[in-house]
Amino acid sequence: MFYSSSILLSYLATAALASQPSASDPIPAPLRDLKWGQLNFLHTTDTHGWLAGHLQEPSYSADWGDYVSFATHMREKAEAQGWDLLVIDTGDRVEGNGLYDSSEPKGIYTAEILKQQHIDLLSSGNHELYKQNTSEAEFLTTVPNFRGNYLASNIDIYDPQTQQLVPLAPRYKKFTTKNQGIRIVAFGFLFDFTGNANNTVVQPVEETIKEDWFQEAIRDKEVDLFLVAGHVPVRSKEYLAIFKEIRNIRWDTPIQFFGGHWHIRDYVKYDTQAYGLASGRFMETVGFMSIDGLSTAANPSPKTPSFNRKYIDNNLFSYYHHTGLNADTFPTAHGQNVSSLIEKSRRALHLDLVHGCAPKDLWMTRAKYPSEDSIYSWLEKEVLPGSVHDASRADKPALAIINTGAIRFDIFKGQFTQDDLYIVSPFTSGFRYVKDVPYSVAQKVVEVLNKQPQVFTEASSSGAQRVPLTPPEQLAFPRDVEYEDSNAAASIDLRKAAPQVPLSGDSKPELVPGYTTHDDAGNDGDDTVHSPISFYRVPNCIQAFVPGPSEGSSEPETVDLVYIDFIEPYVTIAAKFAGLDVDFQKDAEVYMPGETLTSTLLRWVQKNWECEQ
Ligand SMILES: *[C@@H]1O[C@H](CO)[C@@H](O)[C@H](O)[C@H]1NC(C)=O
Ligand SMILES: *[C@@H]1O[C@H](CO)[C@@H](O)[C@H](O)[C@H]1NC(C)=O
Ligand SMILES: *[C@@H]1O[C@H](CO)[C@@H](O)[C@H](O)[C@H]1NC(C)=O
């Protein structure tokens, strides 16, 4: 065991710059300016514990402390003009990074770091609700940390002290902005999620908006803006339903939506007075939004507002540019304190501990699957065959199935640290198996998992929706299956998606590869002008054949059908389609007790990826 050289350097480095000491410096790139207005917003979503920023990627290398400094300067800049600035976060703050996942209990460091930012409005994601103790930590820590600003329009929780079912947080609030006097009614939604633990209740959005309190809230005549923050894709039946419900009552009050969940940058026009912004994932993006021409308490006559958006790359180069400051003037004392709190937390959690060295980059969706550079091909060909073995089934061949969504991030060439382990594989799921399945039937199960759209329909009604099989980014792409929503208004295209699309030809060589977003307002949304990155589709699941000890090259008659436990609802349905008659409740058992995908990966890396000294 040894530590990366970067942590040693951190003791030598002076504290002139913020960011984490081991983070790469940002690379200068051409930038587009922000367009300010009466009311301005900064928005994060799906941060998944990445409060230290991306240490290996210069474009996203600023940390939460830098974001604290940035928000402070942006607020001052707005206030100097008599304008307002609101900071929003729309959930999935937990799970997906060692800073959250590797502490015991989970999240004790991130909760402390997160609360250092002044956030005006926040909501819960689905990840806050998968496990009972995660939602209880939300209820007992995060909601009080942001008292009055955390909203839960459609989530209830059984209070761990009283066992009473109570709202996770207030349903909505009305407030008036400090400088402009803009009267805002704000909500905090979660999409129609069904995979939560049974200590919380998520009411479908379509039902919530028929409730009396919502109907009363949208009938308030003294409102200049409806603000809908939520962990909801901006192109979704849920947001469309909210939009229509408000418009039925208030035909011209401006509405601003903030959304997330799909991990993409996107901007949707619902009508000329209603827009929605999605601000990516993992602290790569800080969304900026401004609205100008709103009515106010002092000046209530209707106006025609204009809306503007930008996606800011989370790095110091962008932050300096948009604030007009530099390395000396940008960091605030509070921001620097937060950066140092992050550094201390990372050190306490040994996140820089090196487990091995990756010989090259391995990509989730930037490389074709299958290929040499695909992380999934690497798992199929190298990791799984070398590590999936249950001692009690040692003489049996196995077919191992993993959903592609179980892997959460790329692997970069070089040191593979404790942090990287949690970044790539944050989930705590283990393996289960059904013994002695005819090989051809086992292969059919994988085929069904990858091909049959019916699997998703059935699985989502039986709770499998708790685990999307693929990485979330892919959910945003037009699917082979038509999006079924006969009620959808023609006003927005539910299938249009905006992540990095493979493009070629027009990129200038000096540009840094990154987001090149196309949304309802055009192609100028990204603050940084990037060259495009390819995005390749991946299957729902990958498979690896693990031969038994006596296996020659001939195919076995039967195999153990091994799968990641949290896709069991999908596997159950696929098995039925494939003609495999088993009762998973009775016939499936734990495979490799005590092991998880994460521990399996760790063992493989330690054994196979030596670092050159
Ligand atoms: C929830 O319980 C698990 C298992 O005991 C533990 O590892 C985890 O840290 C707990 N999470 C929280 C937020 O307390
Ligand atoms: C949740 O499920 C557990 C076990 O599955 C059960 O003991 C408990 O009573 C349930 N809680 C609620 C609030 O339904
Ligand atoms: C920074 O941290 C120090 C030590 O914890 C504390 O005394 C100081 O008040 C903090 N300053 C700010 C601006 O947060």
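Both counts, for ligands and for their atoms, begin at 1 and track the order of listing. Source: prediction; values computed, not measured.
No donor-acceptor distance shorter than 3.5 angstrom exists from the side chain of H355 to the backbone of L602, with no hydrogens or angles considered.
Within the 4.0 Å heavy-atom shell around ligand 1 one finds E104.
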Pairwise, report which nitrogen or oxygen atoms of ligand 3 are under 3.5 angstrom from protein nitrogen or oxygen atoms, and how far apart they are.
unit_1: ligand 3; atom_1: 2 (O); unit_2: N337; atom_2: OD1; d: 3.1
unit_1: ligand 3; atom_1: 2 (O); unit_2: N337; atom_2: ND2; d: 2.1
unit_1: ligand 3; atom_1: 11 (N); unit_2: N337; atom_2: ND2; d: 3.0
unit_1: ligand 3; atom_1: 14 (O); unit_2: N337; atom_2: ND2; d: 3.2

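Less than 4.0 angstrom separates some heavy atom of N198 from each of these atoms of ligand 2: 1 (C), 2 (O), 3 (C), 8 (C), 10 (C), 11 (N), 12 (C), 13 (C), 14 (O). In the vicinity of Y158, heavy-atom distances shorter than 4.0 Å reach the ligand 2 atoms 13 (C).
In this structure Y433 satisfies the ring-ring contact (aromatic ring centres under 6.0 Å, His included) test together with Y591, sequence neighbours excluded.
For a threshold of 3.5 Å applied to N or O pairs, the pair formed by S103 and ligand 1 contains no separation below that value. Considering backbone and side-chain N/O of T134, none are found under 3.5 Å from N/O of ligand 1.
Looking at L34, N40, V87 one by one, the single match for side chain to side chain contact (heavy atoms under 4.5 Å, CB included) with M74 turns out to be L34. Paired with F41 under the rule ring pair (Phe, Tyr, Trp, His ring centres under 6.0 Å), one option of W36, W83, F258, F288 passes, and it is F258.
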Exercise for review: Given salt bridge (charged side-chain N to carboxylate O under 4.0 Å, His left out), test R408 with E95 step by step and report yes or no.
Suggested key: CA-CA 10 Å; R408 295 284 281 190; E95 299 183 339; over 6 Å; no
Check your understanding: Given the rule in the side chain to side chain donor-acceptor pair (under 3.5 Å) test, do T208 and N154 qualify, once you have shown the distances and angles that lead to the verdict?
Key -> CA-CA 6 Å; T208 303; N154 61 335; 4.6 Å; no
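Taking the six-membered ring where the residue is Trp, F70 and Y319 present parallel rings, their angle staying beneath 30° rather than reaching 60°. Relative ring orientation between F187 and W213 is described as tilted, the plane-to-plane angle lying within the 30° to 60° band.
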